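What you see is a predicted model, and the numbers here were worked out from it, not measured in a lab. Reminder, nothing fancy here: chain letters follow the sequence lines and each chain counts from 1.
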Amino acid sequence: MKRCLDEAYPNAECELDFSTPLELLVAVILSAQCTDVRVNRTTPALFARYRTAADYAGADRTELEEYIRPTGFYRNKATSLLKLGAALLERHDGEVPDTLDDLVKLPGVGRKTANVILGEAFGLPGITVDTHFGRLVRRWGWTAEQDPVKVEFAVGELFPRKDWTMLSQRVIWHGRRICHARKPACGACPLARDCPAFGEGPTDFDEAAELVKGDERDHLLAMVSQR
DNA sequence: ATCCCGAGGG
DNA sequence: CCCTCTGGAT
């Protein structure tokens, strides 16, 4: 199944817009229970106003909340960003650390966020168990674990560390486009042949692939038609 | 109604 | 192991 994923999504990558590790960290915190499209509409103004850890640490709470409100959970997220800025200044000289241990100790940063930063900002191996990743690997029977940390360890056993980051990106990419929580687009799924859950969603390509457009749609159609 | 690349607190 | 936090799209 992994080879099929690699072939289907050779260019899968993080869809959050950022240009520094700090920007990525902020974007990932904002992305909780929020689409990347919305985060990307929110961050340009935010990043222009707050450039450094010190800027977040010294931010006016009400103003910061206004910037991030459309991403939801804005009071919690504002608290996280304020404390995050202070913690980065205090412990890491204002820089974003590059180890899992240091990252997860930061306010508002859990394992999922920490692993995204490792993989995307520093090129270090990390398995990102978000809602998509957990749902898909359970559908595939790779693990039956519900707890995200147990899922991370179980899947980590299945693949070499060098594959962890791209695997995470491709699984999540697939979850967002095809293998949806409620109505998985089985008819447009390049993994259907090997999937224990095939048939849970529509199996007709045109109905299934409604959300996939352009070159990506053509590529999927080509893969699906020879499965 | 249900979902979106979660984390922290009780 | 629960619960809460939040707005916007579908």
Results of side chain to side chain donor-acceptor pair (under 3.5 Å) for E13(A) - residues two or more places apart only: none

Pair listing, salt bridge (charged side-chain N to carboxylate O under 4.0 Å, His left out) test, anchored in residues 108-120 of chain A, at least two apart: R111(A)-E152(A)

Nucleotides 5-10 of chain C: protein proximity per nucleotide (B base, S sugar-phosphate only, - neither; heavy atom, under 4.0 Å): BBBSS-

Validation row: W140(A), L191(A) side chains within 4.5 angstrom (heavy atoms): yes

Side-chain donor or acceptor of R170(A) paired with backbone N/O of Y9(A) under 3.5 Å: yes

Atom-pair distance (CG on L136(A); P on dC5(B)), nearest Å: 12 Å

Residue-level proximity of residues 95-114 of chain A to DNA chain B when a heavy atom falls under 4.0 Å: L106(A), P107(A), G108(A), V109(A), G110(A), K112(A), T113(A)

Atom pair distance, as rounded to whole Å: CG in L167(A) and C1' in dC5(B): 14 Å

Test: D101(A) and K105(A) ion pair at under 4.0 Å: no

Which residues share a side chain to side chain donor-acceptor pair (under 3.5 Å) with R61(A), sequence neighbours left out: E65(A), T79(A)

For R139(A), salt bridge (charged side-chain N to carboxylate O under 4.0 Å, His left out) partners two or more places apart: E200(A)

Closest-nucleotide 5' rank along DNA chain B - winner of E15(A) and S80(A): E15(A)

